[in-house]
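Encoded as structure tokens, the structure appears first; notes follow it.
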Amino acid sequence: MKILVVGGGGREHAIIMKLAESKRTEKLYCTPGNGGISRYAECFDVAATDIDGVVALAKKLAVDMVVVAPDDPLVLGMVDALNAEGFMTFGPDKAAAIIEGSKVFSKDLMKKYNIPTAKYEIFSDSESAIAYLKSENSYPAVIKADGLALGKGVIIAQNEEEAIEAVKSMIDGKQFGESSSTVVIEEFLTGPEVSVLSFTDGKIVVPMISSMDHKRALDGDKGLNTGGMGTIAPNPFYTEAVAKECMENIFLPTIKAMKAEGRTFKGCLYFGLMVTPKGVKVIEYNCRFGDPETQVVLPLLDTDLVDIFEAVYNGTLADIDIKWKNECCSCVVMASGGYPQSYPKGLEMHGMDDNGQVDGVFVYHAGTKYTDGKFLTNGGRVLGVTATGETLQAALDKSYAAVKKISFENAHYRTDIGQRALSAK
Ligand code: AMP
Ligand code: GLY
């Protein structure tokens with residue numbers, strides 16, 4: 001098969017490396033891709049959000065399958081456009097992608113179908129939002145932009161002053177444009193977070209191996225929120241009992257609810273969960289593979305990914321036995337100094353071979369460029385250095401040993417990825 005992957009980060013690199021393992025893969029293409037991806041797939045400069053451009057590219061290349069990985073093209077309806085042209089496409093259509101595209105939609109869905117989540121109210125004018133905050137008087141308070149906001153649309157306000165400022169900048173200041181003209185204010189939950197990606201064809205749902213993200217920029221969960229500074233899998237807080245509770249109360253009810261709403265979800269549905277003292281609750285849904293969760297989940301997959309994508313498209317997922325390696329995986333993100341705020345680009349990188357790899361690990365490129373035989377930094381998150389091992393400690397040792405071999409000016413990474421998981425009972 002000739003396969004086109006849409007996107008250009010570490011997640012897409014991990015998807016491409018797994019597709020490359022399949023006997024059914026003849027040729028891999030990626031748009032826009034990045035420096036590391038370009039060593040394994042032919043890359044193009046069509047933007048991931050350019051629906052007409054991607055459809056035209058898929059036609060020109062006469063591909064047999066298209067995988068749409070990032071949230072924005074999914075929410076914009078890229079899958080609908082590709083399906084309309086007859087392409088076998090992996091990813092939800094626009095009607096289903098709203099589960100991530102609108103927090104108001106997803107919160108109302110959970111309320112209607114009794115899926116456990118934080119208590120919430122919705123506001124489109126700051127006066128009523130502020131009146132509500134004052135009447136609840138409960139902090140921290142969680143304020144979320146309704147629409148996509150590059151992962152930055154959630155503010156955890158520690159007091160009334162911060163909460164009012166957040167509401168005003170989102171609704172009145174249009175901090176995230178139309179995305180924040182409506183906000184959700186919700187109850188603050190506590191407990192360990194678990195990410196569960198799942199394959200679903202709209203009929204059944206097959207959870208993948210669980211994982212744990214590390215969202216803050218600095219060690220000890222300090223510093224600013226980022227897209228994710230590292231991940232480990234499996235997540236020790238996702239016990240068998242928790243998995244059973246999730247399947248019964250969250251995964252199956254969500255799939256059924258989407259179907260009942262006429263929005264059958266086919267693709268990868270990501271459940272962002274919190275194991276609270278009052279049971280597992282949904283923090284968020286994403287309509288796609290997580291980044292950097294995918295980087296630790298797919299290396300553990302022991303079933304042909306092309307077969308799975310095809311079965312999701314055909315609605316025959318029940319016919320496939322999806323197997324996982326009995327191992328652990330860790331991904332340590334190397335970021336540009338200054339990320340998640342401003343940072344330089346174009347810094348030369350050292351320590352990787354000509355494919356952008358280091359022996360014994362998978363180096364998934366997130367923000368790199370390959371020119372004249374050199375790799376240059378080209379984004380905030382630059383690399384996800386990923387290793388598998390029989391134990392989490394063994395995987396982490398390999399990831400960190402490889403991280404130490406790679407260098408670029410002011411490279412920043414957390415030194416405590418996996419520590420919370422290691423100390424979990
Ligand atoms: P989200 O973009 O919805 O995943 O939110 C980003 C992060 O904010 C989550 O990973 C949580 O750490 C935190 N968060 C979101 N909602 C809540 C909540 N209701 N209570 C506590 N923390 C939350
Ligand atoms: N790592 C979180 C996400 O992909 O949204």
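Under 4.0 Å is where a charged nitrogen must lie from a carboxylate oxygen, and between K244 and E240 no such pair does. Between D307 and R24 there is a salt bridge, with a side-chain nitrogen of the basic residue lying less than 4.0 Å from a carboxylate oxygen of the acidic one. Salt-bridge annotation for R414 and D221: present, with a side-chain N of the basic residue lying under 4.0 Å from a carboxylate O of the acidic one. We find that D93 and K266 are not joined by a salt bridge, their nearest charged nitrogen and carboxylate oxygen being 4.0 Å or further apart.
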Could you please spell out the steps behind the side chain to side chain contact (heavy atoms under 4.5 Å, CB included) verdict for N83 and Y313?
CA-CA 10 Å; N83 282 342; Y313 179 79; 3.7 Å; yes
With side chain to side chain contact (heavy atoms under 4.5 Å, CB included) as the test, would you mind laying out the steps for M258 and T200 before giving the verdict?
CA-CA 12 Å; M258 289 298 280; T200 175; over 6 Å; no
I would like to know whether I155 and M170 meet side chain to side chain contact (heavy atoms under 4.5 Å, CB included); could you show each step before the answer?
CA-CA 10 Å; I155 291 176; M170 281 198 196; 3.8 Å; yes
Quick one, F309 with M88, criterion side chain to side chain contact (heavy atoms under 4.5 Å, CB included). Give me CA distance, side-chain angles, the key distance, then yes/no.
CA-CA 9 Å; F309 284 171; M88 183 192 294; over 6 Å; no
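For the side chain to side chain donor-acceptor pair (under 3.5 Å) criterion with E186, the lone passing option out of K119, K103, K144 is K144.
Between the side chains of D72 and T49, no donor-acceptor pair is found at a separation under 3.5 Å. There is no side-chain donor-acceptor pair under 3.5 Å between S336 and T377.
By the neighbour-count criterion of 12 heavy atoms within 6.0 Å, atom CD of E409 is sparsely surrounded, having that number or fewer from other residues, nucleotides or ligands. The neighbour count for N326 CG, taken as heavy atoms of other residues, nucleotides or ligands under 6.0 Å away, does not exceed 12. With a 6.0 Å radius and a threshold of 12 heavy atoms from other residues, nucleotides or ligands, D45 has its CG atom at or below the threshold.
Here the OG1-CD distance, from T31 to E42, works out to 10.5 Å after rounding to the nearest 0.5 Å.
Across all non-hydrogen atoms, the minimal contact from A233 to I209 is CB-CG2, 3.9 Å. C268 and F90 make their closest contact through N-CZ, 3.5 Å (heavy atoms, listed as atom of the first residue, atom of the second, distance). In terms of heavy atoms, E12 sits closest to P70 at OE2-CG, 3.7 Å.
Between H365 and F375, the ring-plane angle classifies as tilted under the 30° and 60° cut-offs.
Residues V242 and L273 form no side-chain contact, since every pair of their non-hydrogen atoms from C-beta on lies 4.5 Å or further apart. Put simply, the side chain of I308 reaches to within 4.5 Å of the side chain of T303, judged on heavy atoms. When side chains are defined from C-beta on, M208 counts as touching W324, because their heavy atoms get closer than 4.5 Å. Under the 4.5 Å side-chain criterion, counting only non-hydrogen atoms from C-beta, C43 is not in contact with Y370. Residues M247 and V205 are in side-chain contact: their nearest non-hydrogen atoms beyond the backbone lie under 4.5 Å apart. Between F362 and K18, every side-chain heavy-atom pair lies at or beyond the 4.5 Å cut-off.
For the salt bridge (Lys or Arg N to Asp or Glu O under 4.0 Å) test, residues two or more places apart in sequence or in another chain that qualify with E178 are K174. By the ring-ring contact (aromatic ring centres under 6.0 Å, His included) test, Y339 pairs with no residue at all, sequence neighbours left out. Residues passing the salt bridge (Lys or Arg N to Asp or Glu O under 4.0 Å) test with K325, sequence neighbours excluded: D302.
Remark: aromatic rings of Y343 and H412 are distant, center separation not under 6.0 Å. For F271 and Y285, the ring centers sit closer than 6.0 Å to each other.
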